[in-house]
Amino acid sequence: MDTQPTPQARRILDCAQVLIAKGGYNGFSYADISAEVGITKASIHHHFPRKEDLVLTLLMHYRKAAQEGMQALAAQDMGALACLDAYTQWWAACIAQETMPICICAMLAAESPALPATVADEVQRHFAALAGWLQEVLERGVAQGELQVPGDVAAQAQAFMATVHGAMISARACRDPRLFAVIAGPLLQQLTVTDPSQVGAFHGA
């Protein structure tokens, strides 16, 4: 995979991302991209011989961008609560403005049994990286007395991730972008320490 795709390959990847967000892996064809981008199917095959190649390349770039976003939040040296809030607010803005109405990995995860193995593996790697980052943020918040985490932190990270992605699906299903914040907002409230005397009482309970 080229580190930096050519301008035409970038247009193909951007179009594929939009089409996957609308209909998943099986919801588009090279004919759809050809019509949207204004190039021949042969040109698409030149950059990406198979649909599997195209989606795998897209996911690799998507995962890299997600990792850079996580690193950017860490570089700001903000508190754990502010970090989680920035993450959910970013998605709220994407959904409200329809710049990225849903995580394409969430769309593809629903199709996982029918996906090519390489694509399914890349989706799994995205969620593993995200869960790992969320776990690190939660652990930092607990250590600093900012967050209260009931039970296992790794399980809470998975629950946080699942709720955020479920909120995306609910917002789409009900055609109401505001639902994302309604569902995701309480996550932060539940984790916030309101009674300093309870610091440490929840972690590992």
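Scope of the values below: all heavy atoms of this structure, side chains included, with no hydrogens, waters or symmetry mates.
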Taking a hydrophobic cluster as the set of Ile, Leu, Val, Met, Phe, Trp and Tyr residues connected by side-chain heavy atoms closer than 4.5 Å, whether directly or through intermediates, do [X] and [Y] fall within one such cluster?
{"X": "Met78", "Y": "Leu187", "answer": "yes"}
{"X": "Leu188", "Y": "Val182", "answer": "no"}
{"X": "Met100", "Y": "Val164", "answer": "yes"}
{"X": "Val18", "Y": "Val119", "answer": "no"}

Counting only heavy atoms from other residues, nucleotides and ligands, does the tally under 6.0 Å from [atom1] of [X] exceed 12?
{"X": "Arg10", "atom1": "CZ", "answer": "yes"}
{"X": "Glu68", "atom1": "CD", "answer": "yes"}
{"X": "Gln8", "atom1": "CD", "answer": "yes"}
{"X": "His46", "atom1": "NE2", "answer": "no"}

Heavy-atom distance under 4.5 Å between the side chains of [X] and [Y], does that happen here?
{"X": "Met107", "Y": "Arg172", "answer": "yes"}
{"X": "Ile104", "Y": "Leu58", "answer": "yes"}
{"X": "Leu59", "Y": "His126", "answer": "no"}
{"X": "Arg50", "Y": "Asp53", "answer": "yes"}
{"X": "Met60", "Y": "Thr57", "answer": "no"}
{"X": "Val55", "Y": "Phe48", "answer": "no"}
{"X": "Ser29", "Y": "Lys41", "answer": "no"}
{"X": "Cys103", "Y": "Trp91", "answer": "yes"}

Spacing of [X] atom [atom1] and [Y] atom [atom2] [to the nearest 0.5 Å]:
{"X": "Ile44", "Y": "Ile39", "atom1": "CD1", "atom2": "CD1", "answer": "4.5 Å"}
{"X": "Phe180", "Y": "Thr88", "atom1": "CZ", "atom2": "OG1", "answer": "6.0 Å"}
{"X": "Gln158", "Y": "Gln156", "atom1": "CD", "atom2": "CD", "answer": "10.5 Å"}
{"X": "Leu108", "Y": "Gln124", "atom1": "CG", "atom2": "CD", "answer": "13.5 Å"}
{"X": "Leu81", "Y": "Gln189", "atom1": "CG", "atom2": "CD", "answer": "10.0 Å"}
{"X": "Cys174", "Y": "Ile183", "atom1": "SG", "atom2": "CD1", "answer": "7.5 Å"}

For [X] and [Y], work out which heavy atoms get closest and say how close.
{"X": "Ala157", "Y": "Leu134", "answer": "O-CD1, 3.8 Å"}
{"X": "Ala21", "Y": "Ile102", "answer": "O-CG2, 3.8 Å"}
{"X": "Val137", "Y": "Ala80", "answer": "O-CB, 3.4 Å"}
{"X": "Gly27", "Y": "Asp32", "answer": "O-OD2, 4.3 Å"}
{"X": "Lys51", "Y": "Asn26", "answer": "NZ-CA, 3.9 Å"}
{"X": "Ala129", "Y": "Gln67", "answer": "CB-NE2, 4.4 Å"}

Next on the checklist: As a quick check of understanding, evaluate side chain to side chain donor-acceptor pair (under 3.5 Å) for Gln135 and Glu139, giving each step before the final call.
Outcome noted: CA-CA 6 Å; Gln135 182 176 342; Glu139 288 174 342; 3.1 Å; yes
Checklist entry - Within the side chain of Lys22, is there an N or O that forms a donor-acceptor pair under 3.5 Å with the backbone of Phe28? => result no
Item to check | Candidate pair Val193 and Glu146, rule side-chain contact (heavy atoms from CB on, under 4.5 Å), full reasoning | outcome: CA-CA 6 Å; Val193 170; Glu146 188 180 8; 5.9 Å; no
Checklist entry - Checking side-chain contact (heavy atoms from CB on, under 4.5 Å) for the pair Ile20/Tyr25: CA distance, chi angles, key distance, verdict? => result CA-CA 6 Å; Ile20 289 173; Tyr25 187 89; 5.7 Å; no
Item to check | Residue pair Leu130, Met70: steps toward the side-chain contact (heavy atoms from CB on, under 4.5 Å) verdict | outcome: CA-CA 9 Å; Leu130 178 56; Met70 295 174 207; 3.7 Å; yes
Item to check | Trace of the side chain to side chain donor-acceptor pair (under 3.5 Å) decision for Gln148 with Thr192 | outcome: CA-CA 6 Å; Gln148 56 186 18; Thr192 303; over 6 Å; no
Next on the checklist: Classify the ring geometry of Phe127 against His165: parallel below 30°, tilted from 30° to 60°, perpendicular beyond 60°.
Outcome noted: perpendicular
Item to check | Trace of the side-chain contact (heavy atoms from CB on, under 4.5 Å) decision for Ser43 with Tyr30 | outcome: CA-CA 10 Å; Ser43 295; Tyr30 275 19; over 6 Å; no
